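Here the structure comes first, spelled out in structure tokens, and everything after it is commentary.
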Amino acid sequence: MQLIVINISKLTHSGLKHDIGASRDKMVTAVPSSPTLFVAFLFVTSFLVLATSSKHGSVTRHYKFDIRLRNVTRLCHTKSIVTVNGKFPGPRVAAREGDRIVVKVVNHVPNNVTIHWHGVRQLRSGWADGPSYITQCPIQTGQSYVYNFTIDGQRGTLFWHAHISWLRATLYGPLILLPRSNESYPFENPYKEVPILFGEWWNADPEAVIAQALQSGAGPNVSDAHTFNGFPGPLYNCSNNETETETFRLKVKPGKTYLLRLINAALNDELFFSIANHTLVIVEADATYVKPFESKIIVLGPGQTSNVLLKTKPEYPNATFFMLARPYFTGMGTFDNSTVAGILEYKKPLAPKNIPTFKPSLPAINDTSFVANFSSKFRSLNTAKYPAKVPQKVDKSFFFTVGLGTSPCPKNQTCQGPNNSSKFAASMNNISFTLPSVALLQQHFFGQANNGIYTTDFPAVPLRTFNYTGTPPNNTRVTNGTKTVVILFNTKVQVVLQDTSILGAESHPLHLHGFNFYVVGQGFGNFNPITDPPNFNLVDPVERNTVGVPSGGWVAIRFLADNPGVWLMHCHFDVHLSWGLRMAWIVEDGKLPNQKLPPPPADLPKC
């Protein structure tokens, strides 16, 4: 076994000098002096990354995450935030397909912490998945935990983030999965690769924001800004005087192809994204390759990622170009209706001053038809090398409604939810999920299902049927419980996710842990089990880990339950997650040794 020092300052896939596993590379450490250098900063590390290689060419990559408080200033407000290694956003984690990633997380802050590796399949490594009280108890102050997992059959862009309360507002970073060193991209090799993380910034403490909302029953205060790589840009108050310190700038050369790794790490907003006078080519979604298609505008829900090719103009254009992102929203509540701006800037010696800056046009805030049309363009490659293994038949079929509702106001308390007499809630099949006080995976693994912590009776269909997208019922109350669905190993599963009009039709980005799924169909109105399935795409449907349930519509997904463990499924709007829009799948062990979940690691945190 050979010890390798990795240069993770190089992100481009091609060439030995860009190979993150090349032993001839040297460690590079740098600190950005301004946001202009933030792209370069994402290519370097503030901590030593060691790797051991195996005879099979795979590498074990070691990282250390120190969870620390740091003072950060945005929008003329300075506050203490929770960070990894003092960085905001956090450091990137990079690996190749087949590599093992080992991350030691040490908690130095008062908050309990967990880290989720969003989109990683976690095959037989559910103990490393990260959602609090589902696969692990939180890492408490002064404690540590080692996340240990292998990248199996995945390559592309994902991200990591905290998975407890609203800590992921500042605890997030890119997770870059490169192809194996002897493989190439199924698209044009880029000149350079650049991660762009969409986020949200609160001048207040996000933990206090959601705590106040849960206490009062009202919707939480919205964020004060959206961000690119942590920077809000020049369109916000204060930012106009802080352009150089709070604006993300992407400096490019003419006649080059750049791979932009787009990550929506925002808490509560789906976002439109566009670069003025430039067309993007979408080549990957949620770390799976797709048939390339062009678009001037991208839509990303929270939890979704996409790789896009940006081909720069052949000559210096004597202009700069705004990159803009703002929300797509169809609900009835309040939201952060602001626009984050970055700048695409062409490099040129002695560039003229006072050149024009062009601004892109974005769809209307509630342009559902644009979003539906954009979503329909995604198709899997479905080649011999990258086949679409969509189940042609299903063993178990489920129908889940997703949407909002209400919970009663506790006695002797004044609530500020709907009608000022209740609290906002959210549910699947009208069941609002109650987090347990211990981790479900441990309870399941040790056969403690009958101790009252959880039940296995989550309904396969709604217990009460109604016109889901029509006039809502008068009774909007949800029921509460820690209910799960148990399925056998290798079950072929179909789930239809149906939006409801209760407290307003709204798009919901649904994320499934532990699996990728195929999006075989979607539409508006109520799902029809007779007329809609014949139109399903069972040839080349897109493969994702997060899908938007259309506002006032439905989406159908299929997956093979080949990963034993307990897997959370939830809305990736953190406000809806906090209100209970989640449920859990329990996938039983298979019969063979390689179909069983191993025992928990010795350092698994205790509740």
Side-chain angles (χ1 to χ4, degrees), residues 1-2 4-25 42-43 49 51-61 63 92-102 117-123 125 149-159 174-195 256-263 281-293 305-311 378-390 516 518 540 542-545 562:
M1 184 169 289
Q2 180 184 8
I4 298 174
V5 177
I6 302 170
N7 176 8
I8 68 170
S9 71
K10 308 296 185 182
L11 189 58
T12 306
H13 171 48
S14 64
L16 270 178
K17 71 175 182 177
H18 297 306
D19 188 335
I20 63 171
S23 59
R24 69 180 67 183
D25 288 345
L42 281 176
F43 299 162
V49 180
T52 53
S53 64
S54 72
K55 63 182 179 180
H56 302 292
S58 61
V59 169
T60 298
R61 304 186 186 274
Y63 293 83
R92 78 180 178 96
V93 173
R96 292 192 177 277
E97 180 185 352
D99 288 352
R100 186 161 67 103
I101 296 176
V102 178
W117 313 94
H118 184 106
V120 174
R121 283 291 317 274
Q122 298 290 3
L123 288 166
S125 57
F149 54 93
T150 298
I151 305 303
D152 192 340
Q154 293 183 277
R155 78 293 299 166
T157 299
L158 297 172
F159 71 119
L175 176 55
I176 309 302
L177 307 180
L178 297 175
R180 297 180 186 273
S181 56
N182 60 344
E183 295 183 356
S184 60
Y185 293 132
F187 47 81
E188 177 183 354
N189 200 52
Y191 170 73
K192 186 177 287 187
E193 303 182 16
V194 182
K256 301 293 185 180
T257 298
Y258 291 78
L259 181 68
L260 306 184
R261 296 179 176 269
L262 305 180
I263 300 167
V281 180
I282 295 88
V283 295
E284 176 255 309
D286 290 359
T288 58
Y289 298 133
V290 299
K291 291 182 173 69
F293 67 94
T305 60
S306 192
N307 281 356
V308 302
L309 297 178
L310 167 67
K311 296 188 177 182
F378 285 85
R379 293 286 187 273
S380 292
L381 280 184
N382 195 26
T383 61
K385 188 172 184 179
Y386 304 108
K389 299 179 181 179
V390 55
N516 280 355
Y518 291 94
D540 60 351
V542 66
E543 183 181 355
R544 308 203 69 134
N545 63 63
D562 60 351

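In this text the structure is predicted, and so the values were computed from the model without any measurement.
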- Test P190 against every option in L259, L310, V283 by the side-chain contact (heavy atoms from CB on, under 4.5 Å) rule and name the one that passes. L259
- Task: Kindly compute the distance separating OG (S380) from CZ (R544), expressed to the nearest 0.5 Å.
- Result: 10.5 Å
Taking the side chain as every heavy atom from C-beta outward, state whether [X] and [Y] have any atom pair closer than 4.5 Å.
| X | Y | value |
| --- | --- | --- |
| V281 | V308 | no |
| L309 | Y185 | no |
| Y289 | F187 | yes |
| V120 | I101 | no |

- Partners passing ring-ring contact (aromatic ring centres under 6.0 Å, His included) against F293 (at least two apart in sequence or in another chain): F374, F378
- Item | For Y518, ring-ring contact (aromatic ring centres under 6.0 Å, His included) partners two or more places apart | none
[Y] backbone acceptor or donor facing [X] side chain under 3.5 Å:
| X | Y | value |
| --- | --- | --- |
| D99 | V59 | yes |
| D286 | N545 | yes |
| R96 | P179 | yes |
| T288 | E543 | yes |

- Cationic tip of K192 within the cone over Y258's six-membered ring, i.e. under 6.0 Å and within 45° of the normal? no
Taking only residues two or more places apart in sequence, or in another chain, which ones meet [X] in a side chain to side chain donor-acceptor pair (under 3.5 Å)?
| X | value |
| --- | --- |
| T157 | R261, N307 |
| T383 | none |
| K291 | D540 |
| N382 | none |

- Task: Test side-chain contact (heavy atoms from CB on, under 4.5 Å) on V542 and V290 and set out the steps.
- Result: CA-CA 7 Å; V542 66; V290 299; 4.0 Å; yes
- Query: How far apart are the closest heavy atoms of L158 and T305, and which atoms are they?
  - Reply: CA-CG2, 4.1 Å
- Please name the pair of heavy atoms, one in G98 and one in S58, separated by the smallest distance, quoted to 0.1 Å. O-CB, 3.2 Å
Output side-chain donor-acceptor pairs under 3.5 Å for residues 149-156, partner residues at least two apart or in another chain, one line each.
unit_1, atom_1, unit_2, atom_2, d
Q154, OE1, R121, N, 3.0
Q154, NE2, G119, O, 2.8
R155, NE, E97, OE1, 3.3
R155, NH2, E97, OE1, 3.0
R155, NH2, E97, OE2, 3.1

- Task: List for me each residue that meets side chain to side chain contact (heavy atoms under 4.5 Å, CB included) alongside K311, sequence neighbours excluded, and say none if there are none.
- Result: E188, T257
